[in-house]
Amino acid sequence: MHSHSSSHPAHPHSPRSSSPEGKGRGAAVGTLRLVAWEVTRSCNLACIHCRAAAQDRPYENELKTEECLQLLDNIAAFAQPIVILTGGEPLLRPDIFEIAAYGNEKGFRMTMAVNGTLVTPEKVQKMLDSGIQRISISLDGATAESHDAFRQVKGAFDGALRGMAHAREAGLDFQVNTTITKQNLHELPAIQDMVVSLGAVAHHIFLLVPMGRGKDLAEQGINAREYEETLHWFYDQRDKVPLQLKATCAPHYYRILRQRAKSEGKDVNFQTFGLDAVTRGCLGGTGFVFISHVGQVQPCGYLELNCGNVREKPFREIWEKSPIFQDLRDFGKYEGKCGRCEYVRVCGGCRARAYESTGNYLAPEPLCVYQPRGRKDSSVVS
């Protein structure tokens with residue numbers, strides 16, 4: 001299972017327009033920038049953090065080829081997002097290259113999240129032929145021992161490295177995703193050194209959201225202080241490595257970016273600070289959406305709230321009218337310290353972690369040490 005298939009690969013988005021303003025049901029609909037689509041739940045690994053608790057077996061009721069192409073038509077009618085074909089393991093789906101090619105024809109930036117073990121030179125060629133512009137492969141340890149323990153399959157580490165080598169040889173861009181837990185926190189610098197030496201174009205770190213199989217890992221989650229320190233370390237890597245760096249399921253990174261830039265006298269804008277400075281933290285329901293293997297639309301892969309099913313109503317209607325999405329776009333509804341925080345528009349807190357810990361997706365993010373200074377709407381940091 002690809003690490004954090006929910007929010008993943010792709011580029012920094014530039015969502016000035018996906019930071020909706022406003023109060024009440026009048027909050028603006030964000031521009032759809034990123035779609036993570038679980039094209040199958042079948043997987044050849046059984047990773048201990050898996051959101052989907054995916055298994056190596058067929059799953060019933062997955063969207064058929066025709067339904068998949070129709071969904072891409074529906075999205076293309078109003079948006080041009082980056083599309084991440086994820087899973088499970090998308091390479092287990094026989095029509096995956098047909099779906100990729102169709103999305104490419106529609107003008108989407110098509111990417112694929114794979115675990116690397118099934119990536120062969122033939123598969124890489126098919127990816128290139130079908131218009132896949134980037135793949136992501138997960139690396140959750142700096143050694144075979146630690147990565148394979150995380151992935152629960154012996155040989156997963158070697159398979160991931162082999163997959164990356166095949167991509168590199170064929171000129172297919174790949175990024176490395178790392179899910180951070182207590183187990184591998186100390187390995188992060190070594191993992192990043194590997195990412196550079198392997199020839200990746202980007203390194204995305206993911207902070208564990210304890211759900212699916214990851215629920216059993218709740219005690220493996222790093223605490224709020226470790227979280228803050230890790231994100232500051234990640235910020236410090238910006239000028240040290242030739243990689244695009246992105247923190248996912250770590251919305252506070254966008255607060256830290258601004259705090260550090262301010263303290264260093266840097267102007268946080270498009271030109272001087274890199275694209276990632278103007279994206280925002282939690283994109284669930286504002287610029288990002290997750291579609292499950294049976295067509296259920298959710299704010300993200302970790303926030304299992306049914307916002308509608310593409311088999312029952314048009315995708316655009318779900319995106320624009322789902323009451324859950326409308327809530328997530330209305331920062332006036334956020335509760336507790338997230339609601340009071342002057343960084344609410346650039347961070348927003350992880351809505352999935354809030355929901356998993358309280359049952360309320362508008363509750364404050366549980367893993368945040370920052371104490372807000374309070375916000376007047378006119379002075380919200382953006």
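All values below were derived from every heavy atom in this structure, side-chain atoms included, with hydrogens, water molecules and symmetry-related copies excluded. This structure is a prediction, so every number in the text was calculated from the model and none was measured.
- Distance alone, capped at 3.5 Å, places no donor-acceptor pair between the Gln298 side chain and the Phe290 backbone.
- Residue Glu145 qualifies as open at atom CD: its count of foreign heavy atoms under 6.0 Å is 12 or below.
- No side-chain donor-acceptor contact under 3.5 Å links Ser322 to the backbone of Trp319.
- Contact of the Met112 side chain with the Val119 side chain is not registered, since no non-hydrogen atoms from C-beta on lie closer than 4.5 Å.
- In this structure, Leu34 CG and Thr286 OG1 are separated by 10.5 Å, a value rounded to the nearest 0.5 Å.
- Between the Asp140 side chain and the Thr179 main chain, a donor and an acceptor come within less than 3.5 Å of each other.
- Classified by interplanar angle (parallel below 30°, tilted 30° to 60°, perpendicular above 60°), the ring pair Tyr370/Tyr343 is perpendicular.
- Side-chain contact check for Ile99 versus Trp37: some heavy-atom pair is nearer than 4.5 Å.
- Looking at heavy atoms from C-beta onward, Val35 lies out of side-chain contact with Phe108 at the 4.5 angstrom threshold.
- Nearest heavy atoms, Leu139 versus Leu161: CD1-CD2, 4.2 Å.
- With values rounded to the nearest 0.5 angstrom, Cys68 atom SG is found 11.5 Å from Asp73 atom CG.
- At distances below 3.5 Å, not a single donor-acceptor pair connects side-chain atoms of Asn74 with backbone N or O atoms of Arg316.
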For this session: Determine, stepwise, if the pair Val346 / Arg258 fulfils side-chain contact (heavy atoms from CB on, under 4.5 Å).
Result: CA-CA 9 Å; Val346 296; Arg258 281 158 179 80; 3.4 Å; yes
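- Residues Thr65 and Glu98 bring no donor and acceptor atom of their side chains to less than 3.5 Å of each other.
- Going from atom CD of Glu187 over to atom CZ of Phe150 covers 10.5 Å, rounded to the nearest 0.5 Å.
- Glu67 contributes a side-chain N or O that, together with a main-chain N or O of Lys64, makes up a donor-acceptor pair within less than 3.5 Å.
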For this session: Could you check Asp129 against Gln125 for side chain to side chain donor-acceptor pair (under 3.5 Å), going step by step and ending with a plain yes or no?
Result: CA-CA 6 Å; Asp129 292 345; Gln125 194 50 53; 3.0 Å; yes
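- The closest donor-acceptor contact from the side chain of Asn306 to the backbone of Gln296 lies at 3.5 Å or more, if one exists at all.
- Using a 30° and 60° split on the angle between ring planes, His204 and Phe206 fall in the tilted class, from 30° to 60°.
- Shortest non-hydrogen contact noted between Ala142 and Ile191 is N-CG1, 3.7 Å.
- For the residue pair Asn177 / Gln175, a side-chain donor-acceptor distance below 3.5 Å is found, with atom types taken as modelled.
- Within the 4.5 Å cutoff, the side chain of Gln70 has no heavy atoms near those of the Val310 side chain.
- Partner Thr40 forms a side chain to side chain donor-acceptor pair (under 3.5 Å) with one of Glu62, Glu89, Arg93 and no other, that one being Glu62.
- Arg255 places no side-chain N or O within 3.5 Å of a backbone atom of Pro251 that could act as its donor or acceptor partner.
- Taking the ring centre of Trp233 as origin, the terminal cationic atom of Arg260 falls outside the region bounded by 6.0 Å and 45° from the ring axis.
- Contact annotation: the side chain of Leu257 approaches that of Tyr235 to within less than 4.5 Å [non-hydrogen atoms, C-beta and beyond].
- A salt bridge links Glu229 with Arg225: at least one charged nitrogen is closer than 4.0 Å to a carboxylate oxygen.
- Put simply, the side chain of Val29 reaches to within 4.5 Å of the side chain of Arg329, judged on heavy atoms.
- Using modelled atom types, no side-chain atom of Arg134 and backbone atom of Thr111 make a donor-acceptor pair closer than 3.5 Å.
- Counted by atom type alone, Glu228 and His252 present zero donor-acceptor pairs between their side chains at under 3.5 Å.
- Here Arg109 contributes atom CZ and Ile84 contributes atom CD1; the two are 10.0 Å apart, rounded to the nearest 0.5 Å.
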For this session: Apply side chain to side chain donor-acceptor pair (under 3.5 Å) to the pair Asn115 and Thr117, showing each step before the final yes or no.
Result: CA-CA 6 Å; Asn115 62 44; Thr117 59; 2.6 Å; yes
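- At distances below 3.5 Å, at least one donor-acceptor pair connects side-chain atoms of Glu226 with backbone N or O atoms of Asn223.
- Checked by atom type and distance alone, the side chain of His293 never pairs as donor or acceptor with a backbone atom of Ser42 at under 3.5 Å.
- Side chains of Lys337 and Cys368 form a contact here, defined as non-hydrogen atoms less than 4.5 Å apart.
- Crowding of Lys106 atom NZ: a count of heavy atoms from other residues, nucleotides or ligands under 6.0 Å exceeding 12.
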